[in-house]
Amino acid sequence: MTLSRLQPVRGTRDLLPDDCRRHRLVGETARAIAERYGYGEIATPIFEFTEVFKRTLGETSDIVTKEMYSFTDRGGEMLTLRPENTAGVARAFISGELGQLLPLKFFYAGPMFRHERPQKGRLRQFHQIGVELIGVAEPLGDIEVIGLGAHILDALGVLGRTTLELNTLGDAESRQAYRAALRDYLGARRAALSPESQERLERNPLRILDSKDAGDRQLIQDAPRNAEFLNAASADFFKRVRDGLDAIGVRYTVNPFLVRGLDYYCHSAFEFTTTELGAQSAVLAGGRYDGLIETMGGPPTPGVGWAAGIERLSMLVADVPMATRPIALVPVGAAGEAAALALAAELRRAGFAIDLGYRGNMSKRMKHANKANARAALLIGDDELAKDIVTLRDLDSGGQEAVERGRLAERLAAFR
RNA sequence: GCGAGCGUAGCUCAGCUGGUUAGAGCACCGGAUUGUGGAUCCGGGGGUCGUGGGUUCAAGCCCCAUCGCUCGCCCCA
């Protein structure tokens, strides 16, 4: 391709300071709340051996078959930029031999990569926050993890614009039984299915349940229901999760058609959805993955977790955090210039945000201070130097006062 | 991978049935203001009309291709 007009790779974006502040608000809010629940941050590499994702996501999943950024490195290893982080965390658990430390509670935040067609709320490099609770087989784990997600959404002020949809896939036995029943029912009506769903019938019949096609939805209304195929243990598990959510005041809607795309899920599947992101509805989604770690060659270990898209959350967050308001230094004349340089260093070390204009006469620098949204301006010219003071101007009120140089830091505390 | 829509200044857009030298607002820079920002006024810079080809006496406008963006499908955060 030609570089005559330099562009970012399709589906990637530059995050300018305003964007970064938004992202940071999401990440830091989530991290702080997750820590209250005892979740420590984990950072795994952004690439892994391709095999890590192939084995965990299932050979036939869309992510593996067409969305991975894979490449061969100089040593001939097949590597892949992570399309999600659960597989990486599970791999870290296994390769770090962390089984003695169960239960483990991880929080993460970072970039993920999927080779998809970009659209609203969907990028090729995007960012996720997420949590994984490893080693807890009880419904209490599901409840905690979902409650933590709701807590974070609430802290960000977006919980009210989402709906928590909840379903159960049951354990392996229940899921197999339902899958077979669904395949029989839909197989008998194959001709009436949309072309996409005819495909799904072979690969993953459960996916037909959340088809957007009107004809499919019609058929699904009368299809066998998941609930009828849950064995006693699975039904009880689901009830305990629902009771727990009721107990902690998390509202949800049971959606029997909610399924997850990845193979390793069982029992709880959940999505906090919104109607404000175009064709994308999921803001925070996850579920239980008891079989995953064993599938990867580790000891049989249950897990439950979720991931949330930072870009999607950012679009829902109403107020952009403001940049720190600096204090502007405005020197007048050469002597003032030299004094301002030293004063800037001193005040920055003392913890103040200082904007030191680089050029221009006083009027220009005041204009610049205003554009920088400075809280106050410190004027330093010959008059001030002679009296060992600086002139402090409050840029919000317009009030101005002389402050002794020795008392400056003390007086400025009010403008921090 | 498939489908649709859109590309004119840094941004948002106007530009008539094709017809002189492509405009506006905002933003930016300078001045009114050589020790005082925001408001106002005056002035200025900035465009190969995404790119390439075609039709025409004449193309920002019509046709084709191509690149890019956006939205949707699939799938997903």
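The chains referred to below are lettered A, B, ... by the order of the sequence lines, with proteins before strands, and numbering in each begins at 1.
Between A:K105 and A:E144 a salt bridge is recorded (basic side-chain N to carboxylate O distance below 4.0 Å).
Residue contacts shown for A:N85 are absent, as no nucleic acid heavy atom lies under 4.0 Å away. Base contact: A:Q400 has a heavy atom under 4.0 Å from a base atom. Residue contacts for A:R13: at a heavy-atom cut-off of 4.0 Å it reaches the sugar-phosphate backbone alone, with no base atom in range. Residue contacts for A:E116: at a heavy-atom cut-off of 4.0 Å it reaches a base atom on one of the strands shown. Within 4.0 Å (heavy atoms only), A:R393 reaches at least one base atom of the nucleic acid. No contact: A:G333 has no heavy atom under 4.0 Å from any strand. Nucleic acid contact for A:L379: base, since at least one base atom lies under 4.0 Å from a heavy atom of the residue. Backbone-only engagement by A:A282 is indicated by non-hydrogen atom pairs under 4.0 Å involving sugar-phosphate atoms exclusively. Residue A:L277 is out of contact with every strand shown, counting any heavy-atom pair closer than 4.0 Å. Contact annotation for A:G398: base contact, defined as any heavy-atom pair under 4.0 Å involving a base atom.
The shortest distance between side-chain heavy atoms of A:H267 and A:L169 does not fall below 4.5 Å.
For B:rC75, the base has no donor-acceptor partner in the side chain of A:R200 [N/O atoms by modelled type, under 3.5 angstrom]. Residue-to-nucleotide contacts include a donor-acceptor pair under 3.5 Å from the side chain of A:E384 to the base of B:rG35. The base of B:rC75 sits with one of its N or O atoms less than 3.5 Å from a complementary donor or acceptor on the side chain of A:R122.
Between A:R117 atom CZ and B:rA4 atom C1' there is a gap of 11 Å when expressed in whole angstrom units.
Counting only heavy atoms from C-beta on, A:S281 has its side chain closest to B:rC76 among B:rC76, B:rA77, B:rG38. Among B:rA77, B:rC69, B:rC29, the nucleotide with an atom closest to any side-chain atom of A:K371 is B:rC29. Side chain of A:Q119, nearest nucleotide from B:rA77, B:rC74, B:rG38: B:rC74. Side-chain atoms of A:N370 lie closest to B:rG38 of the nucleotides B:rC74, B:rG35, B:rG38. Counting only heavy atoms from C-beta on, A:L395 has its side chain closest to B:rG37 among B:rC76, B:rC75, B:rG37.
Atom CG of residue A:N85 and atom OG1 of residue A:T44 lie 4.0 Å apart, to the nearest 0.5 angstrom.
In this structure, B:rU55 forms no base pair with any nucleotide, since neither Watson-Crick nor G-U wobble geometry is met with both distances under 3.5 Å.
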